[in-house]
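Computed over heavy atoms, backbone and side chain alike; hydrogens, waters and symmetry mates excluded.
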4 protein chains.
Amino acid sequence: MTGTTPAGPSRSDAVRNRRLLLDAAARTFAERGVEVSIGEIAQCAGVGKGTVFRHFSSKGELLAAIMLGMLDELADIGTALLTADDPGLALREFMAAGVETFVKDRAFCEVVGRPSLQHQQVRDAIDRLCDVAEELTERARRQGIVRPDITGTDVMLLLSGIQHTAAPLLTTDPQAWRRYLELALDGITASTGRTLPHPPPHHLPLTPDQEP
Amino acid sequence: MTGTTPAGPSRSDAVRNRRLLLDAAARTFAERGVEVSIGEIAQCAGVGKGTVFRHFSSKGELLAAIMLGMLDELADIGTALLTADDPGLALREFMAAGVETFVKDRAFCEVVGRPSLQHQQVRDAIDRLCDVAEELTERARRQGIVRPDITGTDVMLLLSGIQHTAAPLLTTDPQAWRRYLELALDGITASTGRTLPHPPPHHLPLTPDQEP
Amino acid sequence: MTGTTPAGPSRSDAVRNRRLLLDAAARTFAERGVEVSIGEIAQCAGVGKGTVFRHFSSKGELLAAIMLGMLDELADIGTALLTADDPGLALREFMAAGVETFVKDRAFCEVVGRPSLQHQQVRDAIDRLCDVAEELTERARRQGIVRPDITGTDVMLLLSGIQHTAAPLLTTDPQAWRRYLELALDGITASTGRTLPHPPPHHLPLTPDQEP
Amino acid sequence: MTGTTPAGPSRSDAVRNRRLLLDAAARTFAERGVEVSIGEIAQCAGVGKGTVFRHFSSKGELLAAIMLGMLDELADIGTALLTADDPGLALREFMAAGVETFVKDRAFCEVVGRPSLQHQQVRDAIDRLCDVAEELTERARRQGIVRPDITGTDVMLLLSGIQHTAAPLLTTDPQAWRRYLELALDGITASTGRTLPHPPPHHLPLTPDQEP
DNA sequence: TATGAATGAGATTTCATTCAT
DNA sequence: AATGAATGAAATCTCATTCAT
């Protein structure tokens with residue numbers, strides 16, 4: 001378990017509504033991105049607008065709660081793969097899980113792909129995820145399965161890149177991302193003797209949002 | 001010249017204003033994405049808001065005009081490269097130009113990366129660009145420089161993917177996309193005997209926007 | 001005892017909650033005025049919001065209950081002073097107590113200073129208080145300590161006026177009202193031969209609130 | 001002329017609307033205080049809500065504009081009275097004008113009576129007004145017309161205090177404030193040999209609003 | 001033709017009050 | 001009887017678009 005799960009409400013109707021709300025918000029954010037209005041999420045959950053704000057003090061908090069859940073889930077998958085036998089396969093599976101997370105969620109793309117993020121908690125969760133990616137990459141690198149100059153940050157960045165490569169095909173070919181994941185894996189594999197022309201990144205620069 | 005130039009206004013001050021407007025909009029959309037307000041673009045162009053709507057019937061039309069220009073410019077670059085001696089180098093140069101177009105323009109990423117596009121003209125321009133990409137890829141494929149199952153559509157999709165891979169690094173390392181372009185080129189190169197696990201796309205499915 | 005004490009609840013925990021609630025509301029209204037939310041008062045009392053509405057049918061009723069208590073307390077002080085030896089000192093002490101009540105309670109200022117008041121009970125309590133003020137003033141007047149044309153209503157009005165005079169100094173000089181009380185006492189004293197240019201008020205015109 | 005008049009719009013319809021808006025806002029704020037909604041002001045002016053925000057970037061700016069106008073008007077009156085022959089009469093007239101300003105405007109009472117104020121411009125205008133009050137008081141003091149320990153700040157504070165004294169009589173006796181102004185003038189007059197029991201204030205402590 | 005003023009739908013958020021548990 | 005979850009009206013503010021000047 002990587003993240004922390006806040007307590008949440010205890011009364012049964014509140015628990016049920018919170019669940020409905022999170023589900024509705026997750027679904028709506030996933031399909032239409034961060035721009036969906038709170039009103040729509042409320043309607044989709046079958047509750048009043050006020051109920052959303054009872055459970056989450058602002059739209060940003062609701063969004064952050066959902067993003068946190070997804071980031072921690074992914075970090076947990078990566079952590080589990082750290083003990084897999086085949087580091088190459090582990091990295092592939094981690095990346096597959098990561099790309100799929102992006103592919104299935106527009107809001108995730110919009111929030112996580114952005115270098116400036118309001119929420120410290122979300123930045124922290126991304127950092128945790130980056131650490132896991134770094135470890136998985138390190139193990140694959142040591143076995144010569146990926147080029148020596150590929151970093152965990154490269155891997156993290158590629159998740160988003162692969163999703164965006166396949167994005168226009170999403171409705172006609174929802175699995176197309178697998179093709180570009182494979183292409184990327186070929187790309188980071190050590191087979192060619194050439195070195196990459198640009199130095200590798202060593203961390204994701206995550207800074208608080210500036211007010212525009 | 002690949003695209004068509006619509007008639008436009010004839011009075012000289014109108015011509016000048018249209019030019020000012022397109023420049024200002026291009027600059028503003030590039031820096032801040034499609035979210036910039038018409039008011040800001042007008043101010044940036046030094047004209048009134050009404051003038052924007054005299055030249056372009058809606059914000060979407062203005063945006064489309066800018067996108068059309070960029071798409072055609074890129075298609076022209078690709079067309080010129082069709083007569084280059086080295087097909088591999090030509091493809092690389094086309095991709096570099098393409099990724100750079102994305103990297104330098106937030107609105108371009110937001111509009112062109114979408115699978116559903118309102119404007120027939122923009123869809124047509126993308127189709128033309130895809131044709132050019134297809135020819136460039138075909139030439140490289142025939143020389144064995146890229147895998148046999150890589151299509152021009154793959155190449156087009158990768159442009160956006162590479163930009164998005166590097167996007168979070170943009171402010172700290174504006175040239176990082178070159179690294180991921182190289183990685184992608186390695187990926188589409190025929191060096192490994194393996195075949196990709198998912199069939200190649202043969203066109204971009206561009207459909208009109210649904211009302212959200 | 002001047003006012004009437006409504007029956008209230010009989011179960012012991014309900015009695016205790018009513019007490020907690022009145023205390024918390026008194027404290028909170030005093031510090032922050034009538035704008036404080038019911039939620040905050042409930043939290044401050046350590047009870048649920050529903051409990052507030054079980055004891056008081058609306059926010060206005062709760063507020064009125066508190067105001068009633070304070071008005072009656074002040075009337076009791078005045079009544080006690082009716083039997084004091086020195087009518088001038090008695091009046092001064094009554095006014096000091098009155099101004100201090102205003103000074104220490106933002107909600108009291110906001111409610112009692114209004115010419116239009118929703119609650120008949122509050123209007124009645126103000127009337128009772130005015131009667132006491134009238135008697136105290138009458139005694140002082142008879143002794144020549146205050147001008148002949150100063151009425152109890154004048155005295156009542158001055159309480160609020162003195163508090164408001166000192167209000168902007170409250171945080172930097174919490175006792176400043178004593179200065180302006182003294183000034184007012186000098187003003188209502190008979191020393192100058194001049195008569196006031198405007199006829200004295202003989203009652204406070206308290207009318208029910210209009211719907212805004 | 002004490003304050004500065006910002007340029008404002010030049011087109012005739014905009015000028016007219018701005019005038020309508022300022023008038024409507026002044027009237028509405030005066031009658032019902034700062035709580036009136038922008039929607040109501042807009043309706044009262046016969047314009048759309050958006051028009052309010054075109055002219056004033058926020059509700060606070062609109063309010064400030066009106067307050068500034070009133071404060072400067074009052075300061076101008078005071079400045080003119082500095083050259084009057086009779087310092088005592090000048091002070092009386094200044095105070096009468098000041099109290100009347102308060103009496104006629106609920107918002108003015110709510111804004112100016114508060115020690116913490118958001119707008120630097122409004123604080124500055126109050127400071128300017130205090131300076132004028134100080135000079136007028138100084139002149140009266142030198143002639144022995146007011147007690148030696150009465151300051152301009154006292155005078156400023158009394159304006160609000162006198163208004164609040166008369167406030168409950170406003171509907172039944174709109175001129176009642178004149179009675180309490182006279183009482184206050186008697187109070188600050190040097191006739192009694194006694195000194196006030198609390199030191200005089202030497203400035204109004206105006207601090208920026210804290211977020212509550 | 002150019003301008004920028006006016007519009008009003010829609011977004012987020014607060015809070016008194018009602019009601020299921 | 002007590003709780004606090006749910007509600008929805010209302011407030012401020014933004015912005016694409018229309019229209020008077």
- Whole-Å distance, B:F53 CZ to E:dT1 C1', equals 17 Å
- Message: Using side-chain heavy atoms (C-beta onward) and a distance below 4.5 Å, is D:M67 in contact with D:Q121?
- Response: no
- Message: So, does C:H55 get its side chain near the phosphate of F:dA1, meaning an N or O under 4.0 Å from OP1 or OP2?
- Response: no
- Among E:dC15, F:dT21, F:dT12, find the nucleotide with the atom closest to the side chain of C:S37. E:dC15
- Query: A:T51 near the nucleic acid: base, sugar-phosphate alone, or nothing, with a heavy-atom cut-off under 4.0 Å?
  - Reply: base
- Task: Could you tell me which nucleotide pairs with F:dT21 by Watson-Crick or G-U wobble geometry, both distances under 3.5 Å, or answer none if nothing does?
- Result: E:dA2
- Message: Nearest to the C:I38 side chain among E:dT12, E:dA5, E:dT17, which nucleotide is it?
- Response: E:dT17
- Given E:dT13, E:dA6, F:dC13, which nucleotide is nearest the side-chain atoms of D:R54? E:dA6
- Among F:dA16, F:dA1, F:dT21, the one nearest D:D13 by side-chain distance: F:dT21
- Item | Nucleotide F:dG4, atom P - distance to CG of C:L21 in whole Å | 14 Å
- Message: Return the CD1 to CG distance between D:I66 and D:L71, rounded to the nearest 0.5 Å.
- Response: 12.0 Å
- Is there a donor-acceptor pair closer than 3.5 Å between any side-chain N or O of A:K59 and the backbone N or O of A:V36? yes
- Query: A:V34 or B:V52: which one's nearest nucleotide on DNA chain E is closer to the 5' end?
  - Reply: B:V52
- Query: Would D:D23 and D:R27 pass as an ion pair if we require N to O under 4.0 Å?
  - Reply: no
- Atom pair distance, as rounded to whole Å: CZ in D:R32 and P in F:dA10: 14 Å
- Item | Residue B:K59, side-chain atoms from C-beta onward, closest of F:dT17, F:dA5, E:dT12 | F:dT17
- Calculate the interatomic distance between B:E40 atom CD and F:dT14 atom P; express it in whole Å. 13 Å
- Side-chain contact check for D:V47: nearest option of E:dG4, E:dT7, F:dA16 is E:dT7
- Closest-nucleotide ordering on DNA chain F, the 5'-leading residue of B:G50 and D:S57: D:S57
- Starting at CD1 of B:I41 and ending at P of E:dG4, how long is that distance when rounded to a whole Å? 16 Å
- Report the C-alpha distance between D:F29 and D:V111 in whole Å, list the side-chain angles of each, state the deciding distance to 0.1 Å, and finish with yes or no for side chain to side chain contact (heavy atoms under 4.5 Å, CB included). CA-CA 11 Å; D:F29 278 136; D:V111 168; over 6 Å; no
- Task: Could you tell me whether the side chain of A:E110 and the main chain of A:V34 form a donor-acceptor pair under 3.5 Å?
- Result: yes
- Message: Nearest whole Å is fine: how far is F:dT12 P from D:Q43 CD?
- Response: 13 Å
- Query: Rounding to a whole Å, what distance do you find between C:L62:CG and E:dC15:P?
  - Reply: 16 Å
- Spacing between D:R16 atom CZ and F:dT21 atom C1', to the nearest angstrom: 12 Å
- Message: Using a 4.0 Å heavy-atom cut-off, does B:K49 contact any base of the nucleic acid, only the sugar-phosphate backbone, or nothing at all?
- Response: base
- Message: So, does B:N17 get its side chain near the phosphate of E:dA2, meaning an N or O under 4.0 Å from OP1 or OP2?
- Response: yes
- Task: Name the pairing partner of F:dA9, where a pair is Watson-Crick or G-U wobble with both distances under 3.5 Å, or state none.
- Result: E:dT14
- Want to settle it: does C:G48 or B:E35 sit nearer the 5' end of DNA chain F, counting the closest nucleotide to each? C:G48
